[in-house]
2 protein chains.
Amino acid sequence: MAGIKDLARECGVSVATVSRALNGHPEVSVETRRQVQQAAERLGYRPSQSARALVRGRSDAVGLLWDSGYETAGRKHPFLLSLLVGLKQALSDVGRHLILLNVDVDRQGPRAYLDTARQFQVDGVIVMGVDDHRPALRELFESSLPCVAIDHDIAGPRACCVTSDNRAGAVEAVRHLHDLGHRRIATITGPVDLMPAVQRLRGFQQAVGELGLDLPDEYVQNGDFFMDSGYACGRRLAGLPKSRRPTAVFVAGDEMALGAMHAFADAGLDVPEDIAVVGFDDIEAASLVRPALTTVAQDSLALGTAAVSALLDFVDDRFGDRPAPESPILTPTRLVIRQSCGGGR
Amino acid sequence: MAGIKDLARECGVSVATVSRALNGHPEVSVETRRQVQQAAERLGYRPSQSARALVRGRSDAVGLLWDSGYETAGRKHPFLLSLLVGLKQALSDVGRHLILLNVDVDRQGPRAYLDTARQFQVDGVIVMGVDDHRPALRELFESSLPCVAIDHDIAGPRACCVTSDNRAGAVEAVRHLHDLGHRRIATITGPVDLMPAVQRLRGFQQAVGELGLDLPDEYVQNGDFFMDSGYACGRRLAGLPKSRRPTAVFVAGDEMALGAMHAFADAGLDVPEDIAVVGFDDIEAASLVRPALTTVAQDSLALGTAAVSALLDFVDDRFGDRPAPESPILTPTRLVIRQSCGGGR
DNA sequence: CCGGTGATCGAAAACGTTTACGGCACTCTA
DNA sequence: TAGAGTGCCGTAAACGTTTTCGATCACCGG
């Protein structure tokens with residue numbers, strides 16, 4: 001690998017000048033800059049990340065804290081992969097890289113998140129899919145290290161949270177059902193300790209209230225985001241006497257929605273004829289099943305972009321005007337209409 | 001952050017000794033080592049990755065080359081996420097980290113893959129989900145940088161490929177169908193320029209041959225791994241006169257399998273009564289649909305582990321005994337029996 | 001002609017490690 | 001007891017950059 005010295009020799013200047021030329025410092029003549037750039041191109045020069053990070057104290061990389069144990073334990077994030085794509089894209093646009101920080105808090109102790117981040121001199125970290133209640137997370141968020149969490153409701157001096165506008169998404173979904181003529185609308189919720197789940201429930205309640213609909217207790221069934229719970233909840237709804245049975249149900253997660261649809265089928269109910277179903281997340285399977293699931297999609301790319309841009313705001317201390325970013329930062333959702341409510345294609 | 005000097009001062013030894021103590025060099029007394037380790041613990045010392053990488057010329061990190069543009073373009077890898085989990089886990093076990101290398105070959109030129117890897121001083125790279133025919137890839141594989149590709153059939157002096165045993169998986173699948181009494185077995189293939197697709201076809205042909213089954217031309221339908229193509233192929237199979245219509249079909253990808261199932265349903269055929277379907281990959285949706293899809297699952301964790309271990313073999317030059325690793329390295333698949341062939345639960 | 005000013009650049013210190021080399025105090029052997 | 005060997009450790013160089021502090025030079029106004 002050609003180093004900066006080779007470049008210097010090649011151009012007959014000092015290493016300092018080379019560095020300045022390549023980093024866009026103004027105190028170098030256009031002629032020299034041109035020469036240096038050409039030589040760099042010619043020799044295929046790439047500055048050593050390590051050396052650069054060492055002396056500058058920052059690495060132009062952001063860390064990703066993502067507890068994959070969480071993933072293998074079956075609690076899979078509905079669209080973590082698309083989120084990764086979004087993050088990667090957004091980072092690519094600003095010329096930064098992403099380091100998957102492999103940290104096992106249980107083994108490495110409560111400071112592990114923070115320590116590992118510092119060890120790599122990442123400019124900041126993005127946190128997702130981890131257990132909310134770890135002390136290590138508090139430690140991280142209360143530190144001065146810039147970080148943004150996705151779908152976790154935590155904040156700190158240089159930390160905020162970005163998430164989809166779950167509430168608005170829910171509202172749009174039940175409005176859609178209302179528009180289609182439904183008046184008896186039930187819901188199946190996610191686990192109450194997950195922020196997206198509670199926001200979706202809030203949105204549901206808000207919309208039902210605004211539309212002046214009845215909401216008997218048995219119209220909100222508690223699930224856990226997995227299919228079996230969706231089935232069980234669907235079973236209960238289907239079992240209601242016909243006069244009290246909902247004609248539509250807003251399900252807080254696609255996987256549960258599919259479970260509910262199976263339950264309805266087993267109960268002899270036709271979707272969407274007898275009962276309409278709208279889900280949340282737009283997982284891959286949503287478009288693969290029959291009837292295809294109408295659902296509110298999260299914009300994972302926007303989410304990634306928002307996360308990255310918020311993070312960089314912290315990193316570059318861009319808070320002259322506004323005092324601090326509102327948290328959580330919300331990203332719009334989009335209702336994608338398919339077949340499970342009728343009216344789709 | 002406490003540095004190595006602080007540790008040295010704290011323990012009254014030189015930095016060299018601290019380094020040696022922490023890195024397990026033998027030439028340090030047990031007593032000193034204990035002291036240093038305790039002090040390190042106490043002060044929460046973490047060595048700077050940059051400094052370490054700079055002087056050692058390696059970073060203890062491996063790069064991941066994964067073209068996310070490929071992903072957003074819809075050509076999604078069926079189980080890239082689980083693969084990531086597998087990689088992460090395997091790397092975690094050997095104390096290494098994963099850097100998502102953000103490289104845009106189109107913008108940065110044909111040496112970009114290699115250069116970026118070198119720039120980060122990664123010990124090696126893992127390649128997946130990229131366009132096979134890029135010259136940049138050749139460049140990479142023909143270099144001396146250790147790399148392993150997942151599902152790409154390329155090799156080089158210090159490069160190999162790991163993939164699932166697609167062929168054996170296919171064989172097992174059609175054997176299963178045969179065991180269930182099926183004799184007229186068709187297949188829907190993936191695109192012929194993708195290694196897994198051709199291996200699955202080979203396996204299918206092999207099994208059909210071994211079992212002495214008839215294989216009329218119209219029994220192999222060419223798809224592209226996406227649902228629509230599966231539907232189209234299914235349509236064609238369903239349209240055959242009943243006496244020549246297959247009673248089972250081996251589909252080279254789950255998404256296409258779902259498409260085929262829809263086609264069969266539209267043609268009034270019952271799955272699995274009239275026609276059995278077995279897929280490949282075990283994507284999430286496979287267990288979410290009704291009837292749930294019998295499919296051959298790839299072991300993404302094993303795949304990740306195999307990739308990492310092969311990579312490290314190159315990195316550490318563990319080829320005293322064997323001349324070079326056979327390529328591709330194969331990872332076993334597993335037939336998961338659900339409902340789409342009958343006989344499942 | 002002189003001091004000041006800007007533009008351009010070089011020398012060298014720093015960043016936090018690892019490691020080659022050498023040194024010292026022992027112990028062992030002859 | 002000299003010499004060799006061994007166990008332990010310190011000094012300092014090296015890794016490849018960035019950045020501070022001056023240095024040089026040309027030019028300009030007085």
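Here is the naming used below: chain letters follow the sequence lines, and residue numbers restart at 1 for every chain.
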Distance-only polar pair, side chains of [X] and [Y], donor-acceptor under 3.5 Å:
| X | Y | answer |
| --- | --- | --- |
| Asp93(A) | Gln89(A) | yes |
| Ser50(B) | Gln121(A) | yes |
| Thr331(B) | Asp299(B) | no |

Could you tell me the separation between the [atom1] atom of [X] and the [atom2] atom of [N], rounded to a whole number of Å?
| X | N | atom1 | atom2 | value |
| --- | --- | --- | --- | --- |
| Arg9(A) | dG16(D) | CZ | C1' | 14 Å |
| Ile4(A) | dT19(D) | CD1 | P | 11 Å |
| Leu7(B) | dT17(C) | CG | P | 8 Å |
| Lys5(A) | dA14(D) | NZ | P | 9 Å |
| Glu27(B) | dG22(C) | CD | P | 15 Å |
| Leu22(A) | dT19(D) | CG | C1' | 15 Å |
| Asp6(B) | dG16(C) | CG | P | 9 Å |
| Arg33(B) | dG7(D) | CZ | P | 14 Å |

Out of dT17(D), dG16(C), dC9(D), whichever nucleotide has its closest atom nearest the side chain of Leu54(A): dG16(C)
Nucleotide of dG16(C), dT18(C), dC9(C) approaching Val15(B) most closely (side-chain heavy atoms):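 Closest nucleotide among those given: dT18(C).
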On DNA chain C, does the nearest nucleotide to His25(B) precede the nearest nucleotide to Ala51(A) from the 5' side, or the other way round? Give the residue.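 First, find each residue's nearest nucleotide; the 5'-ward one identifies Ala51(A).
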Could you say whether Arg20(A) or Arg56(B) is positioned toward the 5' end of DNA chain C, judged by the nucleotide with the nearest heavy atom to each?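 With Arg20(A) and Arg56(B) compared, the 5'-side residue is Arg20(A).
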Looking at [X], does any N or O in its side chain come under 4.0 Å of the phosphate oxygens OP1/OP2 on [N]?
| X | N | answer |
| --- | --- | --- |
| Ser50(B) | dT17(C) | no |
| Arg52(A) | dT18(D) | yes |
| Ser14(A) | dG10(C) | yes |
| Ser29(B) | dG7(D) | no |
| Thr17(B) | dG10(D) | yes |

Select base, sugar-phosphate, or nothing to describe what Ser48(B) touches, counting heavy atoms under 4.0 Å on all strands.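 The answer is sugar-phosphate, as Ser48(B) gets under 4.0 Å only of primed atoms, P, OP1 or OP2.
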Over 12 non-hydrogen atoms of neighbours within 6.0 angstrom of CZ in Arg138(B): no
Go through the steps to decide whether Arg56(B) and Asp123(B) satisfy the test salt bridge (charged side-chain N to carboxylate O under 4.0 Å, His left out), and finish with yes or no. CA-CA 11 Å; Arg56(B) 301 199 326 157; Asp123(B) 300 342; over 6 Å; no
